[in-house]
Trainee: 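Pasting a structure here, questions to come.
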Amino acid sequence: MKKLITALLLLCAYAFAESPQAVAIRNAKIVTVSGPVIGKGTVVVRNGLIEAVGENVPVPADAWVVDGEGLTVYPGLIDALSTVGIAGAAPAAATATAGRGGRGQTTTTTATPAVAAAPVERARGPEDRPSTTSWLIAADEIQAADRRIETVRSGGFTTAVTFPTRGIFAGQGSVIDLLSGEKSGEMVLVPSVGQYISLSRGGGGGGGGFGSGFPGALMGYISYVRQIYLDAAHYQLVKDAYAKDPRGMPRPEYDRALEGVLESKRILLPANRLVEIDRMLRFAAELKQPAILYGARESYRPEAAELLKKSGAPVLVSMRWPEAPRDANPEDVDSFRTLETRDKAASAPAVLKKAGVQFALYTDGLDQPREIQRAVKKAIDAGLSREDAIRALTLSPAEIYHVADRVGSIEKGKIGNLLVTRGEIFDDRTRVELIFVDGRKYTPATDTAAPGGRGPVTDDPGGNR
Amino acid sequence: MSKARFTKAWLAALIALAPLSAETIVIQNATIMTVSKGTIKGSVVLKDGKIADVGEKVMVPTGATVIDASGQYVIPGIIDCHSHIAADGGINEGSVSVSSMVDIRDVINPEDIAIYRALAGGVTTANILHGSANAIGGCTLPLKMRWGKDAQGMIFEGATPGIKFALGENPKRAGNPQGGRGATATVQARYPATRMGVEDTIREAFNEAKAYKADWDAYNANVARGEHPIPPRKDLKLDPLKEVLEGKRYVHAHCYRADEILMLIRVADDYGFKIRTFQHVLEGYKVAKEIAAHGAGASTFSDWWSYKVEAFDAIPYNAALMTKKGIVVSLNSDDAELMRHLNSEAGKAMKYGGMSETEALAMVTLNPAKQLGIDNRVGSIEVGKDGDLVIYDKFPLSDYAKVQKVLIDGMVYFDRDKEVSGRAAKAAEKQKLIEKEKQNQQRQQPQRRPTGQGGQAQ
Amino acid sequence: MKALGILIGCAIAAAAASNETILIRNADVYPVTGAPMKGVSLLIQDGKIADIGAKIVPAKGVRVVEAKGMRVYPGMLDSGTELGLSEVSAVRETVDTDELGTFMPQLRALVAVNPESEHFPVVRVNGITSVMTFPSSGGRGGGGGRFGGGEAQIISGQAALIHTDGWTWEEMEINRSAALHLIFPAIAGRGGRGGGPAPDAVLELFGATAGAASYTQARRTYEQQIAKLNDFFDDARKYQKARAANAPGFQRDLKFEAMMPVLERKVPVAVSASRASSIHDAIAFAEKQNIKIVILQPRELGKVAAELKAKNIPVILGRVLALPETEDSAYDEAFTLPVEAYKAGVKFAFGTFNNEFVRNLPYEAATAVAFGVPYDDALKAVTITPAEIWGVADKLGSVEKGKVADLMVTDGDPLEIQTQVKHLYIRGNEVALTNKQTRLYEKYMGRP
């Protein structure tokens with residue numbers, strides 16, 4: 001038994017996928033998320049789907065068996081808002097501002113000019129459709145060779161909801177499984193799950209100078225989004241009238257920006273402060289669009305949780321918890337507001353859970369497994385139960401994006417996305433042993449693509465970051 | 001606990017927890033400067049958010065909270081006609097010269113500390129305006145300084161919305177970037193670059209708005225006839241201008257020089273709309289006749305001057321002179337600091353130009369209320385108006401006076417005594433957080449190890 | 001010190017153009033240094049206050065000003081302005097305050113004063129008869145001046161004490177080198193400046209500050225700058241020695257020449273320093289270099305107040321009507337700074353540090369009174385106290401026999417907004433209380 005495991009572990013030097021017809025993980029603890037924990041059981045995956053899971057499930061003769069003694073099986077983690085797979089994309093961050101390098105972003109940090117969505121022409125108004133690529137679908141932009149796929153997967157993620165994030169209407173996100181391979185098409189679960197909207201150019205809000213074109217101020221961004229939806233409604237009216245009877249009517253101009261907006265089932269809106277949460281919920285109601293708020297830094301405040309509960313809008317909570325500066329003037333003291341946010345931010349998930357708000361956690365650009373583990377642990381330490389933390393990274397995001405019939409828990413018929421750990425997930429000393437994506441087996445990468453050389457994850461549980 | 005005691009305790013808790021409910025308040029024994037009906041020595045009764053009674057002798061309703069204001073002064077809540085506080089994400093949409101599509105209403109920030117500080121300076125209503133970077137700026141609205149409420153709770157309900165215009169140096173600045181205009185310049189210039197172009201920009205916008213209005217009027221006429229045409233495309237830029245043409249939205253025009261003030265009056269005449277207020281209007285005294293004839297109000301500084309070329313002919317007698325020529329004049333701040341002492345700024349109108357006490361006080365109360373069309377609700381101490389009041393310890397039109405209490409809608413929103421005595425507790429609470437953070441940092445120190453990228457080391 | 005006094009006296013005397021003798025009759029005289037005298041007369045002669053008394057019989061031909069019901073005060077002194085050096089603050093061509101260069105003690109504000117500046121007649125209307133005009137007076141921690149460019153300046157030049165009236169700057173001069181202006185190095189602050197959230201607040205939460213170096217770096221830069229400052233003073237002392245020895249080959253260096261009176265403690269150094277730690281370091285620096293200092297525009301006193309008191313270092317308080325420094329600061333933080341100084345026994349005077357607001361000097365004092373400073377001390381802070389601080393108390397700052405006749409005659413309390421100045425005397429000359437603004441008012445009142 002142990003020999004088998006050792007053999008498997010010796011293969012850890014390289015991350016590669018194996019695709020046996022059937023895999024059975026036997027005698028492991030199984031956290032299904034959708035049901036009670038199975039203290040000792042077996043899960044069988046065949047042809048990429050979960051064939052069976054339970055206490056007394058027989059192991060098929062042709063299955064590749066993993067001895068689950070001392071191991072725990074979880075559903076593969078789902079990152080509810082990611083840019084993994086889109087080459088050259090800046091990490092999705094509702095709080096991103098310039099000059100934050102060195103926060104563990106190993107691969108792409110700054111946006112490469114080649115993928116610049118910003119038009120060369122300075123926008124003179126909403127009619128120029130500034131920073132709008134609403135027709136872009138992440139599924140079309142996925143590059144299977146993106147090294148971040150492997151990095152994130154090594155932390156236990158099997159699925160990501162990847163969005164283009166550059167621009168005001170950045171485009172439509174797709175649910176993808178984190179497979180390493182050549183064909184990006186095989187990764188896609190759902191090609192379009194919502195339109196990513198941002199209300200800044202990624203340099204902070206701040207005054208609307210003439211330099212970068214319309215819009216410049218926050219009120220400009222909001223008015224632009226409003227105008228697009230008015231235009232879309234009008235466009236649809238005209239299109240419908242034309243379709244009914246084109247005779248005598250000038251034909252409506254094809255507008256791919258509006259097409260992109262009309263085909264998006266829901267929108268993602270940024271909201272961190274309570275004021276912003278209030279503002280965006282109202283805005284979504286005004287636009288009559290189902291909305292998901294992302295960021296949610298101040299959702300630890302009871303008023304925020306109440307607003308979210310009343311609206312029924314799901315919220316994606318960023319795991320990038322604010323930290324105190326390490327090199328600060330000892331004479332200076334941050335404002336009470338800042339101190340309180342730093343103190344309470346990680347308790348947001350617990351507060352939302354208690355209030356009955358539908359939420360998921362997302363990595364917000366963190367891709368190093370150790371960083372992610374620590375971030376989740378912080379939320380657990382601040383009051384979120386481990387079960388709820390697991391759910392916030394599995395079944396909850398699946399439900400939010402309406403793919404809970406396919407992923408998010410270990411149930412017969414769902415996709416074979418599994419995370420196998422030695423130790424309880426999110427604990428400091430826990431090691432990711434295996435990851436199954438669509439039934440394909442992966443081992444966590446030891447040396448990630450990090451320049452600056454981090455040591456192997458497996459032989460230094462304390463991490464050396 | 002026995003049932004009776006439980007009920008009592010529960011009631012007591014309930015009462016203790018009812019802070020800002022509309023209780024009945026009587027402010028007694030004060031010198032009350034009503035602005036509209038003279039100054040009396042007496043009391044004010046506030047009930048259900050409104051002024052229920054004011055006079056030398058009033059009936060004190062049972063259960064009313066009594067504020068003894070002996071030796072103190074009561075004035076109507078101060079109204080600042082020109083402010084940029086409480087707005088998120090930039091006060092100027094400076095990328096385009098006509099930015100009427102943006103609206104301050106979308107970016108109200110009720111947690112801006114400037115609101116509290118204004119309140120502590122006696123301001124109860126502030127007209128929040130878009131900045132002056134554009135010939136035609138964004139939509140505006142007045143807010144009440146209801147510190148603690150959410151964004152919607154700040155809005156002065158029912159007030160006519162406004163739009164900001166700007167004339168003079170500011171809206172043409174982007175047309176004259178450093179390094180010169182023209183194709184070789186590193187920064188593209190934005191039209192207009194001169195005062196001539198500012199007029200053209202405004203005329204062009206209203207030209208478009210007229211056509212837009214015609215489209216919508218035609219559409220509405222067709223619908224009234226029972227037809228079902230496709231409506232015209234709703235244009236957020238032209239909608240507010242259409243409203244201006246229809247008299248449904250007030251124009252607040254930032255201006256300095258006499259020539260540009262006159263220019264805008266003539267443009268408004270041509271297009272058939274009225275300018276509600278000229279803002280700053282530092283040379284308003286030169287064209288007071290024309291402003292009065294047009295019927296616009298003027299909202300100006302008490303004595304700011306010389307900071308720009310167009311402010312060089314500013315005189316502190318501006319407010320008095322314009323008043324004498326028949327214009328409704330208010331004094332504003334356009335500044336988060338100045339708005340904290342508009343009471344003493346009003347006093348300057350007495351010094352420069354000999355305004356009376358009442359005339360001077362009106363410039364920061366009833367006159368801005370009239371200009372904003374909210375004088376049915378605020379601006380003077382009269383029965384039926386909102387309970388927006390300020391209590392000063394001394395004669396208000398002076399820097400010797402300190403705000404003691406501020407009430408809005410009949411509720412105390414600022415109390416100097418409580419504020420001062422509460423400081424120690426607030427400081428202690430903050431200190432606790434500081435200590436906690438320090439401990440957390442110390443605990444994490446040993447794990448710190450340098451990484452290649454100087455990053456996440458926790 | 002005596003030599004300096006004679007020099008100043010000569011300067012003032014030379015500037016006294018008129019020999020008009022004036023009798024102000026039946027006024028209430030407020031000397032500021034003593035109890036008010038009701039219903040007395042005051043004789044101005046040869047530019048000085050010749051006599052104050054109940055019964056002064058004017059000689060023939062003496063102009064009599066009936067002042068029944070009016071009050072006579074010393075003309076006010078604003079200890080922090082750029083008057084004459086800056087006309088329209090947004091227009092670079094009209095501004096002469098910020099020169100390039102790190103150590104520029106040889107620059108003299110006096111010679112750049114434009115006597116025709118419209119600001120002088122404007123401030124005279126409110127009773128300001130003399131001001132300190134500073135090179136780079138806004139300096140709160142350096143920076144390359146308002147219009148950018150240049151490295152952080154530390155010594156900006158010699159501030160002048162001038163009358164607000166005169167045909168030339170020579171006539172206006174009271175003391176051409178009343179103080180050397182030093183902008184003490186500072187480390188930028190955090191803590192959430194009050195008003196408005198968004199970018200700064202977000203960056204703060206994540207431990208970064210827009211564009212700023214880390215504290216360690218900032219601290220290092222700060223210490224380097226102080227070291228450079230000490231080096232400069234040490235070099236000045238070396239020069240002083242060489243100069244005294246008159247060694248062969250000795251060459252005059254204008255910068256160091258300008259430092260001589262400072263090293264000899266004849267000219268004080270006005271140090272712009274706002275934070276308590278900077279003030280503390282500035283005091284230490286002054287001790288080390290054995291120079292006299294005055295602190296300009298402190299924004300916090302706290303523990304350093306006791307130090308200031310112990311070492312008899314006066315402060316010039318900036319605008320009292322100012323916003324608090326951080327989001328959590330008390331709303332009346334700036335209003336109560338004067339009373340904090342007063343309670344700590346620190347000598348203080350007021351300065352407005354913005355030409356546009358110099359005429360509101362008395363109202364800054366009134367605000368200080370509202371928040372606790374006794375009236376008499378507030379009045380002193382715009383009259384005799386600055387005269388003492390700038391070393392001219394034997395000539396100016398109070399209504400006493402023998403002093404220069406810089407007087408304002410008012411119809412009431414000068415700190416009260418509604419009070420009007422009825423007559424103004426500078427060096428014994430009556431100055432017309434008209435200016436461009438009064439003329440425009442009259443002109444347009446008369447528009448048909």
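Below, read A as the first sequence line, B as the second, and so on, with proteins coming before strands; counting in each chain starts at 1.
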Trainee: Check for a donor-acceptor pair, side chain of B:Lys325 on one end and backbone N or O of C:Met445 on the other, with a separation under 3.5 Å.
Mentor: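 Pair found, side chain donor or acceptor close to backbone of C:Met445.
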
Trainee: Give, as side chain, backbone, both or neither, the part of B:Lys426 having an atom under 4.5 angstrom from any heavy atom of chain C.
Mentor: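 Contact with chain C is absent: no heavy atom of B:Lys426 under 4.5 Å.
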
Trainee: Could you state the interatomic distance from NZ (B:Lys351) to CD (C:Gln418), rounded to the nearest 0.5 Å?
Mentor: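 If we round to the nearest 0.5 Å, B:Lys351:NZ and C:Gln418:CD are 9.0 Å apart.
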
Trainee: Under a 4.5 Å cutoff for heavy-atom pairs, which residue among C:Asn360, C:Thr438, C:Asn355 has the most contacts with chain B?
Mentor: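 The residue among C:Asn360, C:Thr438, C:Asn355 with the greatest pair count is C:Asn360.
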
Trainee: Roughly how far apart are C:Thr367 OG1 and B:Asp399 CG, rounded to 0.5 Å?
Mentor: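 Reported to 0.5 Å precision, the distance equals 3.5 Å.
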
Trainee: In terms of heavy-atom proximity below 4.5 Å to chain C, should B:Leu397 be classed as side chain, backbone, both, or neither?
Mentor: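 Contact with chain C is through both the backbone and side chain of B:Leu397.
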
Trainee: Less than 4.5 Å apart, side chain to side chain, heavy atoms only: is that true for B:Tyr400 and C:Ile417?
Mentor: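 Sidechains of C:Ile417 and B:Tyr400: no contact.
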
Trainee: Parallel, tilted or perpendicular, judged at 30° and 60°: which one describes the rings of B:Tyr116 and C:Tyr331?
Mentor: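 The arrangement is perpendicular - the two ring planes meet at more than 60°.
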
Trainee: So which part of B:Glu169 gets closer than 4.5 Å to some heavy atom of chain C, the side chain, the backbone, both or neither?
Mentor: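 No part of B:Glu169 comes within 4.5 Å of chain C.
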
Trainee: Is B:Trp305 close to C:His119 at the side-chain level, that is, under 4.5 Å between some pair of heavy atoms?
Mentor: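 With C-beta onward as the side chain, the pair touches.
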
Trainee: By a 4.5 Å heavy-atom criterion (distance strictly below it), what part of B:Lys286 contacts chain C: side chain, backbone, both, or neither?
Mentor: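 Backbone plus side chain of B:Lys286, per the 4.5 Å heavy-atom cut-off to chain C.
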
Trainee: With salt bridge (Lys or Arg N to Asp or Glu O under 4.0 Å) as the criterion, how do C:Glu327 and B:Lys430 come out once you've worked through the C-alpha distance, each side chain's angles and the decisive distance to 0.1 Å?
Mentor: CA-CA 13 Å; C:Glu327 185 176 323; B:Lys430 187 171 178 180; over 6 Å; no

Trainee: Using non-hydrogen atoms only, which part of C:Val320 is less than 4.5 Å away from chain B: side chain, backbone, both, or neither?
Mentor: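 Contact with chain B involves no heavy atom of C:Val320 at all.
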
Trainee: Taking ring pair (Phe, Tyr, Trp, His ring centres under 6.0 Å) as the test, write out the residues that go with C:Tyr441, two or more places apart.
Mentor: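 Testing C:Tyr441 for ring pair (Phe, Tyr, Trp, His ring centres under 6.0 Å), a comparison that skips the adjacent residues, returns B:Tyr317.
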
Trainee: Taking only residues at least two apart or on different chains, which pairs with a member in residues 365-382 of chain C satisfy salt bridge (Lys or Arg N to Asp or Glu O under 4.0 Å)?
Mentor: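 Output for this query is empty, none listed.
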
Trainee: With a 4.5 angstrom heavy-atom cut-off, which part of C:Asp413 approaches chain B: side chain, backbone, both or neither?
Mentor: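 Looking at C:Asp413, just its side chain touches chain B.
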
Trainee: Name the member of C:Glu416, C:Glu118, C:Glu364 that forms the most heavy-atom pairs with chain B at distances under 4.5 Å.
Mentor: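 Counting heavy-atom pairs under 4.5 Å, the top option is C:Glu416.
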
Trainee: Below 4.5 Å, heavy atoms only, C-beta onward: do B:Pro316 and C:Gln437 meet side chain to side chain?
Mentor: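 A side-chain contact under 4.5 Å exists here.
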
Trainee: Which residues in residues 333-342 of chain B have any heavy atom lying under 4.5 Å from a heavy atom of chain C?
Mentor: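 Near chain C, by residue number: B:Ala336, B:Glu337, B:Arg340, B:His341.
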
Trainee: With rounding to the nearest 0.5 Å, note down the distance linking CZ in C:Arg439 to CD1 in B:Ile315.
Mentor: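 Between C:Arg439 CZ and B:Ile315 CD1, I get 12.0 Å after rounding to 0.5 Å.
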
Trainee: Could you have a look at B:Lys308, B:Lys394, B:Lys348 and say which one has the most heavy-atom pairs with chain C under 4.5 angstrom?
Mentor: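 The answer is B:Lys348.
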
Trainee: Among C:Val369, C:Asn435, C:Leu321, single out the residue with the greatest number of heavy-atom pairs under 4.5 Å to chain B.
Mentor: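 Most heavy-atom pairs under 4.5 Å with chain B: C:Leu321.
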
Trainee: Report yes if the side chains of B:Tyr307 and C:Val88 come closer than 4.5 Å at any heavy-atom pair, otherwise no.
Mentor: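 Heavy-atom side-chain distance check fails, nothing below 4.5 Å.
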
Trainee: Between B:Asp313 and C:Lys436, does any NZ, NE, NH1 or NH2 come within less than 4.0 Å of an OD or OE carboxylate oxygen?
Mentor: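 Yes.
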
Trainee: At a heavy-atom separation under 4.5 Å, does B:Ala427 approach chain C through its side chain, its backbone, both, or neither?
Mentor: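 No part of B:Ala427 comes within 4.5 Å of chain C.
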
Trainee: Checking heavy atoms, do the side chain of B:Asp303, its backbone, both or neither come under 4.5 Å from chain C?
Mentor: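 For B:Asp303, the contact with chain C is made by backbone and side chain together.
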
Trainee: Does C:Asp332 pair with B:Arg423 as a salt bridge, N-O distance under 4.0 Å?
Mentor: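 Here C:Asp332 pairs with B:Arg423 in a salt bridge, since their nearest N and O are under 4.0 Å apart.
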
Trainee: Scan for salt bridge (Lys or Arg N to Asp or Glu O under 4.0 Å) pairs involving residues 350-359 of chain C, sequence neighbours excluded, and state none if there are none.
Mentor: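 Output for this query is empty, none listed.
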
